Amino acid sequence: MYHKTLTVPQIDNSTFVCWQHCVRRFSKTEDTSSPFNQKRCITWFREYTSPDDPDVLGPEGMEKFCEDIGVEPENVVMLVLAWKMNARQMGFFTQQEWLRGLMDLQCDSISKVQSKLDYLRLLLNDQVTFKSIYRYAYDFARQDKDQRSMDIETAKAMLQLLLGKHWTLFGQFNNFLERSKYKVINKDQWCNILEFSRTIANDLSNYDVDGAWPVMLDEFVEWLKASKDVRRS
Amino acid sequence: MQYWTCQCFSFHELHFSFLICKVYVQNCFYSCTMSLRPRRVNFNEMWVGLQETVKGVITLDNVPRATWNSHFSDIYAMCVAYPEPFADRLYQETKCFLDNHVKVLLEKVRANGEANLLKCYHQAWVEYSTGIGYLHCLYLYLNQQHIKKQKLSDAEVIYGTLGPDTQEQMEIGELGLEIWKKNMVEPLKENLVNLLLEGIHYDRLGEASPNITDIVQGVINSFVSVEDYKRKGKLELYQEIFEAPFLQASGEYYKREASKLLQECDVSQYMERVIQRLEEETLRSNKFLHSSSFDKVKARCEQHMVADHLAFLHGECKAMVREERCKDLSNMYPLLRSVKDGIGVLIVELLEHIKAQGLETVRGLKGDNVHIQFVENMLSVHKKYKELIQDVFNGDQSFIGALDKACASVVNHRPNPKMACRSPEMLAKYCDSLLKKSSKGISESEIDEKLAQSITIFKYIDDKDIFQKFYARMLAKRLIHSQSQSMDAEEAMINRLKQACGYEFTNKLHRMFTDMSVSSDLNNKFNSFLKLDNIDLGISFSIYILQAGAWPLGQNSVTPFAVPQELEKSVQMFENFYHNHFSGRKLTWLHHLCQAELKLSYLKKPYQITMQTFQMAILLLFEKTDSLTCKEVQESLQLNSEQFGKHLMSLIESKILLANTEAPTPETVLTLNFEYSNKRTKFRITAALQRESPQEVEQTLSSVDEDRKLYLQAAIVRVMKSRKILRHNALIQEVLSQSKVTFAPSISMIKKCIEALIDKQYIERTPNSADEYSYVA
């Protein structure tokens, strides 16, 4: 997965499945039942790296890898895969990370990885795992590793990817961020957005403005309530 | 003989004190001729005679002393009879006798008809109760030696479980009362009670006949007396047959009266009548009832005449408070206070009223002395309502609380929600005007009193830290420019603030003060040092040394300045002197705040003018020449444009210098005005230094915001460090309570500070809880 300007295309499942089938038909048939072989895994890794930098898979290698396994770089499955690898930087895999992740998945070939894609996607359905992936996404997607916070554009894109489908209020939150003065999001705010999406009702009836929520969310609620009143009147 | 003596003194245990008994027994003691040995007794024979006497005693007949004595000892004989004592038999026979006696009495009482029932009952009761008392004495021996010994202990009665057929024997006095209760009261109770209620009702209407009072009281009392000996449930009969129906009937009466009054009267009259009724009922209760009923009657009356009509009374409160109808309010107060949830509405109305009045007096104040008007108007409002509460509501604490809330809300009111409240600034100005030297002829004691009163307003201010900042600035100005009226007054005021707010608050103010006295000390040392070394500075020179941390003078207000030649030596000398005394300290000269006295000798008259140092520096340049351009002057002195312009203008305006253009430009030529004259030869010119410019005010307010954020963050870290883990709400509460001495932070501000600290990694959220923080070591 690489990221120049992250515009997230909305691909729904049916399109994806079709795509997946196409890729499978044309990929090399490999034996998916053979046991995991570390050497083979590393050899496969090398297909995506260049001689100048043999230990790091960069944006070009990433593009090829995604093509091979038949997944768009912006697909959320790539995030899950990165999480499995505990990859530090979006768009890059080190050999160590590659090995870590694929060993855990017991995959050393394209077809094996393809067979695991559904499994990876299902991981998002588990509350606890999702939370872990969500939190990981913050550090992973952060552009400037020297700063502690994530710029707002990246944040909006990542939130779209992770929460866009299941959180009703996401669209509103996106609007709010656009109109607000916030240029960055810190980790505390990031984590609390997830909690908010999970615990607060759509009509905001159970939100306690004096509670421990970050001020950004207080402002979001205020903004939302005000805009509702405007609409009503 | 000794045996009898013992018996005599146990009379204290009897319910009825009868001198007669005592006398009789003592007579026995003296004239006893009987033997005390147990002997054979013919009960039936003895009983015949005894019974006659019993009858006589119970009917208050004349029983001769001798007869009494002899039957007294008969009882003794029966009780110690040999071979078997007849005590139980005696008891049974007596019981039987009394039983019949009362039954006969009942018929007698009934015989006289309904109308006379009360009277007859009362009469019978008086006779019987007296008689039974005597009888109790007669049966002394039986009571003491036989019955008492069998009695269950108090503890067993009160705490133990007695079966229904615990038929223990009672002392004769008690037995008599028990029998009266069973045979007389029980059958008659309904009729009696009806008549009693009727009697009291007539009393209420004011139609009672005079002697009925005693009868009614006596009859009611009989219900109490009849169970008085009981160790448990002494008032059961009274409460059951009389008190309950009485309270019910009284309740109905009050209900009707209340309805009637409400139709006839307005609220003022209604309240007066209700209060009157309450008083009357208290007297009536005293007259007729047992003391345990007093409160119940009062409560019933309050219930039906006040509590049931609370809505009506509450509805009147608003107008009453607004019009300040003191008489009505002082009636309303005790009535509402007596019922549950009664007084709250009145307190709220008063609060709103005071608030409205307060806001009215401080709205739209104009003029130069807005600050004085503000404070004095507030104080007069406060005083007025404090007195009102004292008079009308008896100084009730809840009302004082309402006054405080109302005043606080007026004092902290923001006419424009976006702008900060101006009260702290105004109060500081008010104090400043009192502490400054002024030409107004207010006496010292009056100033003292006004300053003391200003603390009342101070306590209501939320943003006390803003007040402190303004006060400190104004104090600094007063001290530096020697404008204080009296150092004692200054110190007294600082002490008052310390009392209200604590040491932290006034710490800097105190330090400013000490700097003044230390400086004067230092000046003396400096002068002696000069004398010692015979150094002549050519000018007289005095210094204030100020601790940079304590004085709100702002390091950034120091502007560049080339010290005039005339001052150089002094400045240098002093710096040397100071650094010799205190090594490691940095001195920063605040020339822009200093002043000088300059003597002008080039005019017709010599003038001595007090002026700012910068002004003097400008004029000193004209020592050797009569005219200079602005550019030359500014360059020599290295003043920035703002300072130069300000001070130059003041010299031009005072006509000491002349300029050849309207507005000064670098090329403008300045010349000394040789025609200058002034009525006074000794005076001062001031630049526009003294007044608070709006920028200064803005600066103060925004620096306060920064200070507050730091304060809150420090407080949060302190709390978290000691508590290690704390829930969100608890943390907020801790911080609020710690900071409320200086200002009232908003929860939103505290939250922002918490977030800043999370970001700086001083604290973090605990992993598994939504609203808990932990300290990061």
Side-chain angles (χ1 to χ4, degrees), chain A residues 126-136 138-139 142 144-152 155 177 180-201 204-226, chain B residues 417-418 462 702 705-706 708-713 715-717 719-720 723-740 743-777:
Chain A
D126 172 55
Q127 295 269 24
V128 176
T129 316
F130 182 87
K131 187 166 172 176
S132 173
I133 295 173
Y134 177 89
R135 288 191 169 200
Y136 161 79
Y138 182 82
D139 291 311
R142 231 167 0 115
D144 188 351
K145 298 294 180 195
D146 290 331
Q147 305 278 30
R148 280 205 302 265
S149 27
M150 177 195 267
D151 73 280
I152 198 84
L177 285 179
S180 76
K181 297 181 266 120
Y182 288 102
K183 301 257 175 2
V184 293
I185 282 193
N186 66 36
K187 182 131 198 212
D188 189 51
Q189 290 161 329
W190 176 263
C191 295
N192 273 282
I193 292 170
L194 178 66
E195 290 312 309
F196 186 97
S197 74
R198 280 183 173 177
T199 55
I200 298 297
L204 308 173
S205 52
N206 58 341
Y207 186 82
D208 175 15
V209 74
D210 289 338
W213 298 104
V215 175
M216 176 195 260
L217 292 173
D218 290 343
E219 290 170 358
F220 170 56
V221 168
E222 203 184 307
W223 174 86
L224 196 57
K225 283 189 178 159
Chain B
K418 285 209 197 320
D462 276 344
S702 67
D705 240 9
E706 280 311 306
R708 284 178 174 182
K709 284 200 187 115
L710 289 173
Y711 179 92
L712 284 177
Q713 289 187 21
I716 293 170
V717 171
V719 171
M720 288 309 297
R723 307 283 279 267
K724 298 285 187 278
I725 294 190
L726 200 56
R727 295 199 81 97
H728 173 83
N729 282 336
L731 177 60
I732 298 279
Q733 288 311 316
E734 272 292 326
V735 173
L736 279 174
S737 74
Q738 279 194 22
S739 48
K740 75 169 182 244
F743 68 103
S746 66
I747 294 192
S748 158
M749 194 187 223
I750 302 179
K751 276 177 79 164
K752 285 205 177 96
C753 291
I754 293 177
E755 276 181 53
L757 289 171
I758 291 179
D759 207 42
K760 291 194 243 186
Q761 297 182 325
Y762 279 87
I763 57 179
E764 61 186 8
R765 294 183 195 264
T766 58
N768 291 321
S769 161
D771 62 348
E772 201 175 57
Y773 306 101
S774 69
Y775 180 70
V776 178

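Naming convention: chains lettered A, B, ... in sequence-line order (proteins, then strands); numbering from 1 in each chain. Keep in mind that this is a model prediction, so the values were computed, not measured.
For the atom pair NZ (B/Lys751) and CE (A/Met216), the distance works out to 13.0 Å, reported to the nearest 0.5 Å. Considering CZ of B/Arg765 and CG of A/Asn192, their distance stands at 4.0 Å, rounded to 0.5 Å. Atoms CG and CD1, from A/Asp210 and B/Ile732 in turn, are 7.5 Å apart once rounded to the nearest 0.5 Å. Put simply, CG on B/Asp771 and CD on A/Glu195 are 11.0 Å apart, with the number rounded to the nearest 0.5 Å.
When heavy atoms are compared at a cutoff of 4.5 Å, B/Asn729 approaches chain A solely by way of its side chain, counted from C-beta outward.
Of all the heavy atoms in B/Ser748 and A/Val215, the pair that sits closest is O-CG2, 4.2 Å.
No more than 12 heavy-atom neighbours from other residues, nucleotides or ligands sit within 6.0 angstrom of OH on B/Tyr762. With a 6.0 Å radius and a threshold of 12 heavy atoms from other residues, nucleotides or ligands, B/Arg723 has its CZ atom at or below the threshold. Dense packing is recorded around NZ of B/Lys724, with more than 12 heavy atoms of other residues, nucleotides or ligands lying under 6.0 Å away.
Although no hydrogens or angles enter the test, the distance criterion places no donor-acceptor pair under 3.5 Å between the side chain of B/His728 and the main chain of A/Trp213.
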